[in-house]
Amino acid sequence: MKIICIGRNYVAHAHELGNDIPTAPVIFLKPQTALLKNNDPFYYPEISKDVHYECEVVFRIGKSGKHITEKFAHQYIDGIGLGIDFTARDLQEQQKQKGLPWEIAKAFDNSAVIGKIMSIENVDFNNIAFHLLLNDAKVQAANTNLCLFNIAKIIAYASQFFTLQQGDLIYTGTPAGVGPVQIGDKLQGYLQDELNFDFEVK
Ligand code: ZN
């Protein structure tokens, strides 16, 4: 499986990092080794001194497809969850300045936290509220209705380049409010007001 991530998909977040508003989805990939599941702790990696949380709605792909149209995109989704796209912001800034790829800042081991995958029954993909608590304080809160590119557009765009396969995960981008984590932090993600993940930084 692969992990497809979207960058700069919420206007307020693009602005907080000083980025322009994209005219097409900004895409990057993470490998399977980036996955962190089952509320396992996140061990602060030695590669960075400024790891940031990015809370994101995640869609799971249920069947293979290429050149999927927006109209049929929903048929390729079989689950939904919440995740964290951990980002080594110091390395990312360094790479951005040099015009180099982001993988070392984004695709490192355990950088893709995934919570409980939920049924998509009766879920309006374009109206999913979510929020993140950091040590019990709400630091991010948004709704997928604020995305620049909704999941149908993301699937249509991404599947022009990459065949989507069963089990692939799509991280749909983070809203404003990203920030650093420290050892000892507790992160809890809520999808539609239901606890979806709950883990610690060690
Ligand atoms: Zn992200």
Side-chain angles (χ1 to χ4, degrees), residues 1-37 42 44-45 47-48 50-61 80-96 100-115 117 125 128-134 139-151 153-155 157-158 161-162 168-181 185 187-191 196-197 199 201:
M1 60 83 65
K2 60 186 165 299
I3 301 164
I4 296 173
C5 300
I6 307 301
R8 304 173 194 170
N9 203 19
Y10 290 84
V11 171
H13 170 65
H15 284 153
E16 80 180 338
L17 293 187
N19 293 312
D20 293 335
I21 304 307
T23 51
V26 174
I27 291 191
F28 56 94
L29 301 182
K30 300 194 188 215
Q32 192 168 358
T33 43
L35 267 189
L36 184 62
K37 300 187 277 194
F42 173 77
Y44 203 101
I47 53 158
S48 173
D50 193 25
V51 174
H52 280 206
Y53 58 80
E54 294 189 353
C55 185
E56 313 196 356
V57 172
V58 181
F59 291 93
R60 187 178 65 190
I61 296 299
I80 179 173
L82 199 63
I84 297 276
D85 163 23
F86 273 123
T87 303
R89 197 69 74 200
D90 45 358
L91 295 183
Q92 189 191 29
E93 284 306 316
Q94 193 183 295
Q95 297 299 96
K96 276 162 78 175
L100 294 172
W102 295 351
E103 272 78 1
I104 61 168
K106 283 283 197 183
F108 55 87
D109 286 358
N110 304 322
S111 62
V113 175
I114 183 70
I117 298 288
F125 299 149
I128 300 167
F130 62 103
H131 67 272
L132 175 69
L133 301 184
L134 173 66
V139 288
Q140 289 191 288
N143 187 301
T144 53
N145 63 18
L146 296 169
C147 283
L148 284 170
F149 303 100
N150 66 21
I151 187 60
K153 286 197 165 73
I154 292 168
I155 286 176
Y157 183 77
F161 304 95
F162 318 116
D168 286 353
L169 297 176
I170 300 180
Y171 284 59
T172 52
T174 198
V178 300
V181 291
D185 282 349
L187 288 101
Q188 294 168 304
Y190 286 80
L191 189 65
N196 189 267
F197 63 70
F199 69 96
V201 180

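Whatever order the structure lists ligands and atoms in, that order sets their numbers, starting from 1.
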Restricting to N/O/S, name the atom of [X] that gets closest to the Zn ion (ligand 1).
X: Asp85; value: OD2
X: Glu54; value: OE1
X: Glu56; value: OE2

Review point. What about Phe149 and Tyr157, are their ring centers closer than 6.0 Å?
Key: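 Ring centres of Tyr157 and Phe149 not closer than 6.0 Å.
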Exercise for review: Heavy atoms only: give me the nearest Asp90-Ser48 pair and the separation to one decimal.
Suggested key: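 Closest heavy-atom pair between Asp90 and Ser48: OD1-OG, 2.7 Å.
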Review point. What's the shortest heavy-atom distance between Tyr44 and Asp50, and which atoms?
Key: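 Scanning both residues, the minimum pair turns out to be OH-N, 3.3 Å.
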Review point. What do the steps show when you test Phe125 against Phe59 for ring pair (Phe, Tyr, Trp, His ring centres under 6.0 Å), and what is the final call?
Key: CA-CA 9 Å; Phe125 299 149; Phe59 291 93; 5.3 Å; yes
